[in-house]
Amino acid sequence: MLCETRTMLAMLATLTRVAALRRTGLFSGWDGRRGLWTGRPQSGAGDDTRTWGPPFVGTESTYYLSVNRNKKSIAVNIKDPKGVKIIKELAAVCDVFVENYLPGKLSAMGLGYEDIDKIATHSIYCSITGYGQTGPISQRAGYDTVASAVSGLMHITGPEVACLSHIAANYLIGQKEAKRWGTAHGSIVPYQAFKTKDGYLVVGAGNNQQFATVCKILDLPELIDDSKYKTNHLRVQNRKELIKILSERFEEELTSKWLHLFEGSGVPYGPINNIKNVFAEPQVLYNGLVMEMEHPTVGKISIPGPAVRYSKFKMSEARPPPLLGQHTTHILKEVLRYDDRAIEELLSAGVVAQHETH
């Protein structure tokens with residue numbers, strides 16, 4: 001497996017395949033840190049974003065150009081033990097190590113958190129995944145459009161709300177004006193919501209292998225070798241005809257049937273959930289993303305919890321939002337070290353107020 005590693009004076013190494021880590025490294029590089037980025041050498045193609053077009057400038061997609069400045073690139077085959085050794089050597093001299101492979105993939109190659117922690121105890125190891133490291137659907141691939149669907153955002157907004165970095169680059173680099181794509185993507189096909197018999201399913205095929213898998217699942221194998229759809233570039237050019245074929249097929253089955261067929265395929269997919277279904281998702285329940293707490297006046301309340309997880313400590317017990325001035329006396333005494341007399345004078349003068357709870 002060739003991976004493309006990009007490096008940033010605190011130095012950051014990203015072991016990446018698609019766009020999530022591109023932006024991580026991009027933002028980190030803006031303040032002068034060095035970024036390293038690893039990519040797949042044997043394929044000759046590097047990460048998927050290099051093929052996400054048109055528009056292209058020469059052989060480079062503007063999507064790729066929009067999210068990969070401030071970096072240096074090294075192509076390393078991490079299926080070769082010598083390649084693994086190089087990545088470990090890079091990790092040992094970096095301050096941050098970021099990857100976005102499916103959970104368990106890098107551990108199997110000797111590049112998981114435990115492996116890197118042994119040789120780089122000083123560094124931060126960050127893993128970006130679609131659904132987390134563990135849980136019933138942790139092995140599913142994830143793209144931004146799928147996250148918008150499964151999280152309920154697309155149920156509220158309709159067409160996807162997205163970062164404009166590559167849209168802006170399309171204009172600045174290629175003078176290509178933006179269009180309204182709805183849930184679709186201007187540079188990737190297929191990558192959108194499809195109507196089913198009873199709802200919608202979002203599917204994103206970010207490379208040729210994923211497109212072939214989609215065709216097999218839909219029982220449309222003839223599309224795989226069709227000269228009009230052999231590459232993403234061609235699929236974008238022939239978008240209208242291809243999407244018509246796929247849409248007609250998706251409408252023939254219930255969403256639940258498609259979810260079953262896509263399970264384990266490696267293709268990013270997900271239903272457009274309403275909010276009720278969001279909080280019934282097995283992964284949401286597994287990850288404890290709903291936090292319950294007792295509010296002093298309204299009783300038990302539930303709010304969404306943080307999605308980030310840390311290895312060295314657990315999340316603290318959630319505390320409810322405070323009433324106005326609920327902790328005035330506590331902060332003055334415990335944080336600012338005011339004595340009781342000074343606090344009483346401030347309260348009496350109306351400089352501060354303490355909310356009394358019962």
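No experiment lies behind these values; they were computed from the predicted model shown.
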Is it the case that the side chains of Thr329 and His327 hold a donor-acceptor pair, with the cut-off being a distance below 3.5 Å and no angle test?
no
Check the side chains of Asp144 and Tyr191 for a donor-acceptor pair under 3.5 angstrom, ignoring hydrogens and angles.
yes
Note, Pro136 side chain near Tyr286 side chain (heavy atom, < 4.5 Å):
yes
Donor-acceptor side-chain pairing of Thr183 and Gln192 below 3.5 angstrom:
no
Taking NZ, NE, NH1 and NH2 as the nitrogens, is one of them in Lys88 or Asp115 under 4.0 Å from a carboxylate oxygen of the other?
no
Would you check if the distance from the ring center of Tyr200 to the ring center of Phe194 is below 6.0 Å?
no
Taking the side chain as C-beta and beyond, is there a heavy-atom pair between Gln210 and Val267 under 4.5 Å?
yes
Side chains of Ser265 and Thr213, donor plus acceptor under 3.5 Å
no
Residues Leu324 and His355: closest non-hydrogen pair is O-CB, 3.0 Å
Looking only at non-hydrogen atoms, find the nearest pair between Gly135 and Gln283 and report the distance.
C-OE1, 3.4 Å
Ignoring hydrogens and geometry, is there a side-chain-to-backbone donor-acceptor pair from Ser107 to Gly104 under 3.5 Å?
no
Using only atom types and a distance under 3.5 Å, with no angle test, would you say the side chain of Asn232 pairs donor to acceptor with the backbone of Ser187?
yes
Over 12 foreign heavy atoms within 6.0 Å of CD, Gln209
no
Is there a donor-acceptor contact under 3.5 Å from the side chain of Thr157 to the main chain of Leu153?
yes
Yes or no on salt bridge (Lys or Arg N to Asp or Glu O under 4.0 Å) for Glu263 and Arg140, after CA distance, side-chain angles and deciding distance?
CA-CA 8 Å; Glu263 183 64 42; Arg140 285 190 194 173; 3.0 Å; yes
